[in-house]
Enquirer: 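Dropping the structure in here first, questions after.
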Amino acid sequence: MKAYLIRRLLLIVPALIGISAISFLAVQLAPGSPIYMVLLSGRGNGNEGADTQKIIEDTKRLYGLDKPVPVQYALWLGRLAHLDFGNSYKDQRPVREKILEALPVTLELNVLSILLIYLISIPIGVYSAVHRGNKIDNALTVLLFLLYSLPSFFAAMLLMLLFCGGEYFNWFPAFGLHSLEADSWSWGRYLLDHFWHLVLPVLCLTYGGLAGMSRYARAGMIETIRQDYVRTALAYGFPERTVIYKYAMRNSLIPIITLAGTLLPALIGGSIIIEQIFSIPGMGRLTFQAILARDYPVVMGTLTFSALLTLLGLVLTDVLYAMVDPRIKYE
Amino acid sequence: MTPLLEVKDLRMHFPVRKGVFSRVCGAVRAVDGVSFSIEAGKTLSLVGESGSGKTTTGRALLRLIEPTGGQVLFAGQDVTKAGKEDLRVLRKQMQIIFQDPFGSLNPRMTVFNMLSEILQVHRIAPPTEWRGRVEELLRLVGLPQEAADRYPHEFSGGQRQRVGIARALAVEPKLIVADEPVSALDVSIQAQILNLLEELQERLGLAYLFIGHDLSVVRHISDEVAVMYLGKIVEIGPKERVFENPTHPYTRALLSAAPMAGAGPKHQRIVLQGDVPSPIAPPPGCAFHPRCPDARPECRELGPTLQKVSEGHRAACLVHAPEHQ
Amino acid sequence: MNKKTNTEQGYWRLVWRQFRRNRLSVVGLLILGLLTLVAVAAPFLANDVPVYMVKGGKSYWFPNVISYQELEAANFYSTAMRWTPGEGEYALRPPIPFSPRNQMLLDNKRGPSAKHWLGTDDRGRSVAARIVWGSRISLSVGFIAEGISVLVGIFLGALAGYYGGRTDALIMRLIEVVMCFPAFFLILALVALLPPSIFTVMFALGLLGWPGIARLVRGEFLKLRESQFALAAKASGLGDARIIFRHLAPNAMAPVLVSATFGVAGAILTESALSFLGFGVPPPTASWGELLSQSQHLVGSGIWWLVVFPGLAIFATVTAFNLVGEGLRDAMDPRLRQ
Amino acid sequence: MSTNTPLLRVRDLRTQFHTDQGVALAVDGVSFDLKAGKTLALVGESGCGKSVTAMSILRLIPSPPGKIAGGTIEFEGRDLLGASDQDLRKVRGNDISMIFQEPMTSMNPVFRVGNQLTDVIRLHRGSSKADARREAIALLAQVGIPAPEERIDDYPHQMSGGMLQRIMIAMALSCQPKVLIADEPTTALDVTIQAQILELLKSLQVSKGLAILLITHDLGVVEEVSDEVAVMYAGKIIEYSARTSSLLETPRHPYTQGLYASLPSMQRGRTRLHTIPGSVPAATQFPSGCRFHPRCPHALPVCKETAPPWTPLENGSGVACWLHAEAKP
């Protein structure tokens, strides 16, 4: 177990190198050099023409562009080690600062979603598997299938159209995480307001994963019910409920745990659109705005950062897996 | 006269990796110094329980897995040193049939495609003759001509095994490694396949390396028998001698343990204690000593080698086949 | 013993027989057929240029797909919509007599009506026409992007699974790295950095979509490599390439096909998401996501047709692909057929 | 307990499976008695319905696609097929236990073997955790597990197949059942381990007075351990012998004769083996009349038309074959 854990952790290293290489390559390939961007962003304003050369030299030095590529990569690695992605072209603030501001927002959304996905999908999946073929299972299967195919931005737009201001129902706020005047409210009201703002975005982030996950849970449970050891438990007189909820459940949950790892990048990717639609100042919106503004340091920063986050998630699920499944410990 | 196949000190060790850096910390000695030879047209059987290394031996001598050491001489030519082209030529003469009649045929190929491909690769016949050759092969193994255009799933277990045999015969080999060819079949089908194997041997002069665990089948089909335990041959000799006069305690136990119909219900039984030890850490000395009813103190230290019991019959046991000095 | 009907049944015929039993999946397949038809026949379905016309005593067949020099000389194509047939002149127009680019500024943001079945967008372009033409983008991006993914995935997966060892370790690390990046972030960044075009979108999607397929193929090959028929092929003296592509690959194709079908749905979804964010196919090309994105700026104004119709088009297409994928998966499950 | 009334009485059992190819008559009118302290072997080739018969007794047939379509199964006079689920659960593992062919897959891989064992003890006896554990260790020692105090906390994958089968047997014996159904208990094991398990079963039968229903395809195993044999072919019992040895000496049914004759061990030396032509028919396409007639060397015209009646022979044995029927139509 210990060796497995250490080996799993060591495997992070090549993945890290890969991630840093890809993001470095992307910076290198980006059209329009940082110099051009700095000039454009108005840093050169005021001393037009006169000191352009000097500005170019300064920027080159700042970004290490005057050094050969391997050295640049080494520098990039060094900066990566303290999560230093440089300053934003747009407002000159350190990228790290901007990311650390946006991260909690995205994490809140995604952690809530993952929790909801697991809490709802597993009971649905198990119920469907046990009662497979009955009316409720059939209805659930069709409903979940449709949800699974429903694009989240379409759903988000529909929900906004229906529930946010405008023609129909004005139930939910359309923008942000707080009402404008929320700062002056009591914390209870503040919190309620906050959750009220979260309802639609979390709903949009959750339903897709929910549909997929409950289908997995259902398939996994059906597979488990067919196993010999389930038959054994039944042959020894255990009631079907006990067999399913005590014995089969654990076996069928193990593969579902690993899916949490793959859920994370999908959710983070999905939050770009949802955060954009609902104007939520998280990582997704930060990235999108940066892409729009061609603010490369920010783009690279969020990209690398979310990859690191995913890597961590993957390792965590692997470890979790090893803890739940006794077969892994034994090499 | 040189034998058709001569295996000398064949070894197949799989590395065991452990720890953080997957360091090699030992080896599974799946096959550990096995020697035997087969004459043209004869059958040698390898018997043993799972983990004894009999299947690995069969595969290693065809180089389906690369052996770690030793020599395999086929008609005097060293198989283990053969280059790519030589190996292709050698594989025209040595073939293999498998246990699982469901897994040994490619489910997406018709029998004709399967067989004609071999004719093509080995340039045995021009395309115009493929159809005829395939039908001839099918006739040889007792399948109707229509079988050529069927897929494996359309056959019963016994018929599939016949297709497997036809595939091995397509290259006109001299030796066939038969890896538990009847273990997965029902008794009545097993008899059909065993008869077919014998018929083919007589008609085509084939030699078989027959790998099996069912002693009654082995007794029926072989000329010579080698008993394997934990990667080593513990007893080898002509069938009659090994079966009538088993010398190694393991052979004796194996023979008495096998429930055989017709042997009478109350025949004397030697029931071995314990499991087969792991080949990663085989016991020192004679690997069989922890389970051996006749073990002596020296068995724990001295590894026995095969010693002559009678003409052609050898056993590796310090107690029953001591070295004559 | 074998019945006559049993003979000469290839695997795919069995799969098809099984597939047909699932009604919903057949419906999905029909929708896809219809969609392909719409995409192919777009110039005949939504166009301001007639399909057949009689002008100046001459009849023209299919001016919508063939440019006639005389018509061009008469500046016909640019004024086709406003052309009023004279005496004895005649035009047979497609059911939606607008091209996706016709801007009818006076008619902008109109709801569905007899003239504009699905309404118009904020520049007065026919939503119906844009949806019809948008199907071309969705389908071609979906198929080509997934095609690239499948090719790369099969190649790398087969190598990793068949050879194992170092090759496998290297490819697995690569897969791990690519999978760590939230795909949509990376695709968005790539599309934003590279020159905007439909090919950029296809390649970005294709080059980042392969790890799933590669893992799948690798897993299959790991199993198949150990199978007795693979050993038999090796023992028969067949070469590696032949064993990989002729013996193993066909046996690994079933799960790949299922995954690819879902993959096309995913690619279509991603393309429309990119277009929705303004980074998909560059304007003025019509695409479903772009139509939907217009509604973003019009929140609260009740312009529902810009949300509902393009959204439904994406939804229906994705559902259809998923249905077919589902049907294929069931049809290929060996447990269901004995 | 009187020996003449059977513990388990199966009459005209019919179990069917609904498949794409039609209804498979896996078990089609099977009747037999299992007497206390005796071993009855159900023997036959794959697909003959012997395992389905075993599963049907405890109603373990997965439904759908399976269904017990008719017949009666009585345990000590109590009807099992009509019993409520709750009553049936009291019988399962308590009065009638079962062990299976694949010990590796029959134990849950994510629970320790000890927990799986103590759960059964606690379920049927309501003992405390500590008592159940003590009991379990004693059972493990009884079935010959070395160092049971340590092995009890192992997971299934840490044990060999033979060890696991011993644990399955311990579990089967934990509630002192009267009947043990052993479904190919040694097929997945090596010869020397198989001998160990058979010896264990034999000694336990003597010490506990168990009745064993042994399902197997191996005529050698049958001879080794069973008192009575029923031979199955294509969903039916075609021959029953109240003394195993007499079946070996004088098999009556042409199928039984063929089966014995095709065993390599019966013919020493290199003669050709006797074979039964053709192969076992699929359960969806059983032939009319006697199901063995297409492969039978002695088939009469009547065999094609009408299924043979059951013909009783001396001391309770019997055979279903027109060759032996008293009144031929």
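As a basis for the values below, the full set of heavy atoms in this structure was taken, side chains included, without hydrogen atoms, waters or symmetry mates. A, B, ... follow the sequence lines: proteins, then strands. Residue 1 opens every chain.
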Enquirer: Among Glu117(B), Lys92(B), Met109(B), Gln95(B), which has the most heavy-atom pairs under 4.5 Å with chain C?
Expert: Glu117(B)
Enquirer: Consider side-chain contact (heavy atoms from CB on, under 4.5 Å). Of Val31(B), Val28(B), Val34(B), which one does Thr56(B) pass it with?
Expert: Val31(B)
Enquirer: Apply side-chain contact (heavy atoms from CB on, under 4.5 Å) to residues Leu169(B) and Leu206(B) and explain how you reach the verdict.
Expert: CA-CA 10 Å; Leu169(B) 294 178; Leu206(B) 293 168; 3.9 Å; yes
Enquirer: For Arg88(B), is it the side chain, the backbone, both, or neither that has a heavy atom closer than 4.5 Å to a heavy atom of chain C?
Expert: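 Contact with chain C involves the side chain of Arg88(B) alone.
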Enquirer: Looking at OG of Ser138(C) and CD of Glu271(C), how far apart are the two atoms once the value is rounded to the nearest 0.5 Å?
Expert: 5.0 Å
Enquirer: Can you measure from CD (Glu135(B)) to CG (Leu115(B)) and round to the nearest 0.5 angstrom?
Expert: 11.0 Å
Enquirer: Minimum heavy-atom separation for Ser149(C) and Gly206(C), please, with both atom names.
Expert: OG-O, 2.9 Å
Enquirer: Please state whether the side chain, the backbone, both or neither of Arg246(C) comes within less than 4.5 Å of a heavy atom of chain B.
Expert: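 Both backbone and side chain of Arg246(C) come within 4.5 Å of chain B.
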Enquirer: Applying a heavy-atom distance below 4.5 Å, give me the residues of residues 251-270 of chain C that approach chain B, sorted by number.
Expert: Asn251(C)
Enquirer: Of all the residues in residues 72-85 of chain B, which have a heavy atom that comes within less than 4.5 Å of a heavy atom in chain C?
Expert: none
Enquirer: Identify which part of Leu64(B) has an atom lying under 4.5 Å from any heavy atom of chain C, answering side chain, backbone, both or neither.
Expert: both
Enquirer: Determine the option with the most heavy-atom pairs under 4.5 angstrom with chain C, choosing from Met114(B), Arg59(B), Arg63(B).
Expert: Arg59(B)
Enquirer: Against chain C, work out which of Leu62(B), Leu105(B), Ile96(B) has the most heavy-atom pairs shorter than 4.5 Å and name it.
Expert: Leu105(B)
Enquirer: Can Ser104(B) and Arg160(B) be said to form a side-chain contact (heavy atoms from CB on, under 4.5 Å), step by step?
Expert: CA-CA 8 Å; Ser104(B) 58; Arg160(B) 286 180 208 220; over 6 Å; no
Enquirer: Please assess Leu196(B) against Gln192(B) for the test side-chain contact (heavy atoms from CB on, under 4.5 Å), listing each intermediate value before the final yes or no.
Expert: CA-CA 6 Å; Leu196(B) 174 65; Gln192(B) 295 173 3; over 6 Å; no
Enquirer: Would you check if the distance from the ring center of Phe321(C) to the ring center of Phe143(C) is below 6.0 Å?
Expert: yes
Enquirer: Between Thr55(B) and Asp179(B), do the side chains contain a donor N or O and an acceptor N or O under 3.5 Å apart?
Expert: yes
Enquirer: Arg218(C) and Ile171(C): side-chain contact (heavy atoms from CB on, under 4.5 Å), yes or no, with the steps?
Expert: CA-CA 10 Å; Arg218(C) 172 181 175 269; Ile171(C) 293 173; over 6 Å; no
Enquirer: Identify which one of Leu140(B), Leu143(B), Leu197(B), Ile176(B) satisfies the side-chain contact (heavy atoms from CB on, under 4.5 Å) criterion when paired with Ile165(B).
Expert: Leu197(B)
Enquirer: If you measure from CG on Asn113(B) to CZ on Arg108(B), what distance do you get to the nearest 0.5 Å?
Expert: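 With rounding to 0.5 Å, CG (Asn113(B)) is 13.5 Å from CZ (Arg108(B)).
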